[in-house]
Every structure is written in C-alpha cells, then in structure tokens.
Novice: 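Below is the structure I would like to discuss, written out as structure tokens.
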Protein chains: 2
Amino acid sequence: MSETSTATPESLTQTLTGSGLRATPQRELVFNILFEKRDHPTADEVFTRAKAEMPTISLATVYNCLETLVQCRVVRAVNFERGPTRYCPNQRPHAHFHDEQTGSTHDIDLPPGLLDHVKTILPTGYEANSVEIIFRGKTQS
Amino acid sequence: MSETSTATPESLTQTLTGSGLRATPQRELVFNILFEKRDHPTADEVFTRAKAEMPTISLATVYNCLETLVQCRVVRAVNFERGPTRYCPNQRPHAHFHDEQTGSTHDIDLPPGLLDHVKTILPTGYEANSVEIIFRGKTQS
DNA sequence: CTTGCTCATTAGAATCATTCTTATTTGATA
DNA sequence: TATCAAATAAGAATGATTCTAATGAGCAAG
Ligand SMILES: [Mn+2]
Ligand SMILES: [Mn+2]
Ligand SMILES: [Zn+2]
Ligand SMILES: [Zn+2]
C-alpha cells in the first residue's frame, strides 16, 4: 500500500475509483496483461494480447487505457529510443537494462539510496523529482 | 583528441574523412549549429536554423547529416520522451536534466567513477556498455 | 424503473516525425 | 576530363499516436 509498491489487479479497482474513474473491463484487462508478463510490451503488443481475451477491444481503447493507467501511476511509460512507447507495471524504483542482442528490456532493482546518491551530482539550483537510469548492453546465457 | 572529448568544427573534417565520408558544407553546417547553441534541438529546429545560412538545404539532408554525425559519434541522439529526437554535440560523459517547466534540457557533467559505481548495481550476467541518466525536475533562477 | 448525463469505447481520419524512393548534383579519382 | 560512387533534394510513404465523431454503458435523480 506504500507509494512505491506495485499495483495488483485487486488494488486496481480501488486506485481507479479513488481517482474518480471507472474500473472497466478494458482497463482491467490491459492492466492484467502488463501485470502477467512483465516484458515491457508496446501498445500494439498489448492490443494483440488483449484481442485474444476480448475480441471487440479496439486499439484506440488500448491507448486510452494505457494513458489512464499511466495517469493513475499504476503503469510507467518507458521511452529509451525512438520507436513505440513501452509499458511497465513495476512501480518500485528500478532501472532498465536494454539487451541490444535480443531487443528485450529487463528491470533492475535499485539499492536504497542509489537515486539519492546519483542526485548529489546535480549543481545547486537543480531540483530533480525523478531520476531514470537506462543500461544498454548484453546479457549472458 | 581523447575518445570522450567533444568534437569541434575544426576536428569534424578529420573525423568524417577518417571514416571515409565527405566533409560536405551541409554536414559542417549541421554540426556547427549543434556546436554553437547546445540546446538539444530537434531535427526540425536544426533545419530552421540551417535554412537561414543555406536556404537550399532540405529537411531530408538535415536528417541524413544528423544520422551521419551520430554514426561518427560526434553527436548523440537523445530520446527521453515520446516526441522528436534531440541532438547533442557534447561527447563527454554527461547526464541530461529536463526542466519540466520550460521544456529545456541541460547537460550535467558526471564526476569520474559515477557511471562505474552505478554499473555495480547490475546483477551477474549483465554487461552494460552504456549508462544513460536522465533527471526531470525544475531549476531555480 | 426510466430518463438524463457523463464517462468510456469504438472506428476511422488526421497528424507528425521519420524513412524511403528516385532523380539530380557533387567531387574525388583514374 | 571522364567516370562513378557518394551525397543532396523533393516528395511520397510509413508507422505510432492522437483526434473526431458516433455509439454504448452505468449511475443518479426523478
Ligand atoms: Mn506503443
Ligand atoms: Mn527530430
Ligand atoms: Zn520496467
Ligand atoms: Zn547533452
């Protein structure tokens, strides 16, 4: 229930209604898709997976749901290169590792204090409210 | 002349010819525009500034030149949000600070060793060849 | 219950950054 | 100077996203 914990399908309804929004089947489905397989899919990939469950859902709705979930802060939009935005349901402070061989993206948990340490490099007058860290490279195996 | 120094308009010709590419007026102009005002402009903004100097230059050529300069590693392409790619001639290791009030982007020099320190958070099996750090917030002034 | 509203979804059009295609120009080299 | 690959230019095409307009669903009086 802390600010940085990851939402669950169960807590989603509360988050939405608490924000004055409706917990629709489409919003729940889109969130469940992100929650089940944390592979940072694009909107289009979410759409493909969603259609398997709900054949009538539209791409526009997937975009709308993703935007709503981002506004509610239960999902993060990730952009580390030109190309489609990717979506991540992990709300813990974490970095992203982009495997250049496979194109896949992995979450890297951050040790407590790291973000604060990194913020100390900012000159006086710069006030950061978020820090994003992106690694690029390859993974063994 | 070290690997991480920033290219100058003077060194550009060498870099290009050393890569088997021609030092064309368009490439030099595009680089000079980035070098003179380090405000991380988009391709379109570079195009506007370039036309003032060289009215016949085309947007396609600006894109081509920028891509060439990125390939030669004298310019960095920066993407920290959906939206047009921005270009940066600073080749020193640095982070980006995105001022959410003004939309402007500032370079933040990194103390030596910071990137290596950040890399120590990677689990075994992850080999990063680059680390990108993006701050978002506001600046005093 | 029904009506009335507001929110949400849908389909398709529009937008915008970027890439591609094709023709033309340039410039180094033989 | 002729050759010919590299580079530029103009416009078309692409692809992700956003917008528009119409339809549908759920709640809140009446
Ligand atoms: Mn997408
Ligand atoms: Mn651009
Ligand atoms: Zn993530
Ligand atoms: Zn920069």
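Proteins come first, then strands; the chains are lettered A, B, ... in the order of their sequence lines, and each starts at number 1.
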Novice: Can you tell me the distance, in whole Å, between the CG atom of B:Leu21 and the P atom of C:dG27?
Specialist: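 About 15 Å, once rounded to whole Å.
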
Novice: Given D:dT17, D:dA25, C:dT9, identify the nucleotide with an atom nearest to the side chain of A:Thr61.
Specialist: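 The closest nucleotide is C:dT9.
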
Novice: Can you measure B:Arg86 atom CZ to C:dC16 atom C1' for me and round it to whole angstrom units?
Specialist: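 From B:Arg86 CZ to C:dC16 C1': 14 Å.
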
Novice: Any side-chain N or O of A:Arg22 under 4.0 Å from OP1/OP2 of D:dG26?
Specialist: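 Checking D:dG26 against A:Arg22, no side-chain N or O comes under 4.0 Å of OP1 or OP2.
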
Novice: Using whole Å, report how far CD of B:Glu81 lies from P of C:dA17.
Specialist: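 Between P of C:dA17 and CD of B:Glu81: 12 Å.
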
Novice: Does D:dT8 have OP1 or OP2 under 4.0 Å away from a side-chain N or O of B:Thr24?
Specialist: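 Checking B:Thr24 against D:dT8: at least one side-chain N or O falls below 4.0 Å of OP1 or OP2.
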
Novice: How long is the line joining CZ of A:Arg82 and P of D:dT14, in whole Å?
Specialist: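 In whole Å, D:dT14 P lies 17 Å from A:Arg82 CZ.
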
Novice: Output the single nucleotide from C:dG12, C:dG27, D:dT17 whose closest atom is nearest the side chain of A:Ala43.
Specialist: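 Output: D:dT17.
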
Novice: Whole angstroms only, please: what is the CD-P distance between B:Gln26 and D:dT8?
Specialist: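 Rounded to the whole Å, the gap is 5 Å.
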
Novice: So does B:Arg86 pair up with B:Glu45, basic N to acidic O under 4.0 Å?
Specialist: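 Between B:Glu45 and B:Arg86 there is a salt bridge, with a charged N closer than 4.0 Å to a carboxylate O.
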
Novice: Measure the distance from CD on A:Glu28 to C1' on D:dG26 and round it to the nearest whole Å.
Specialist: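 Taking CD of A:Glu28 and C1' of D:dG26, I get 14 Å after rounding.
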
Novice: Starting the side chain at C-beta, find the nucleotide from D:dA25, D:dT17, C:dT18 nearest to A:Pro84.
Specialist: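 The nucleotide sitting nearest to the side chain is D:dT17.
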
Novice: Answer yes or no: does a side-chain N or O of B:Thr42 lie under 4.0 Å from OP1 or OP2 of C:dA17?
Specialist: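 False: B:Thr42 side-chain N/O out of range (4.0 Å or more) of C:dA17 OP1/OP2.
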
Novice: Are B:Glu100 and B:Arg136 within salt-bridge range, i.e. N to O under 4.0 Å?
Specialist: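 Salt bridge flag = no for B:Arg136 with B:Glu100.
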
Novice: How would you label the contact of B:Thr68 with the nucleic acid (heavy atoms, under 4.0 Å): base, sugar-phosphate, or nothing?
Specialist: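 Counting heavy atoms under 4.0 Å across all strands, no contact is made by B:Thr68.
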
Novice: Write down the distance between CG (A:Leu29) and P (C:dT10), rounded to a whole number of angstrom.
Specialist: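 That distance rounds to 10 Å.
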
Novice: Ignoring the backbone of A:Tyr63, work out which of C:dT9, D:dT8, D:dA16 is nearest its side chain.
Specialist: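 Closest nucleotide among those given: D:dA16.
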
Novice: Does a side-chain N-to-carboxylate-O contact under 4.0 Å join A:Arg92 and A:Asp109?
Specialist: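 Looking at A:Asp109 together with A:Arg92, the answer is yes, because their closest N to O distance falls below 4.0 Å.
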
Novice: In this structure, how many angstroms lie between the C1' atom of C:dT26 and the CD1 atom of B:Ile57, rounded?
Specialist: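 Between C1' of C:dT26 and CD1 of B:Ile57: 15 Å.
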
Novice: I'd like to know if B:Arg38 and B:Asp107 make a salt bridge, using a cut-off of under 4.0 Å between side-chain N and carboxylate O.
Specialist: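 Salt bridge flag = no for B:Asp107 with B:Arg38.
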
Novice: Starting at the 5' end of DNA chain C, which residue's closest nucleotide do you reach first, A:Asn64 or B:Asn79?
Specialist: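 Comparing both residues, the 5'-ward one is A:Asn64.
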
Novice: Could you tell me whether the side chains of B:His94 and B:His96 share a donor-acceptor contact shorter than 3.5 Å?
Specialist: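 Yes, B:His96 and B:His94 have a side-chain donor paired with an acceptor closer than 3.5 Å.
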
Novice: Return the 5'-most residue of the pair B:Leu59, B:Pro25 with respect to DNA chain C, ranking by each residue's nearest nucleotide.
Specialist: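 That would be B:Leu59.
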
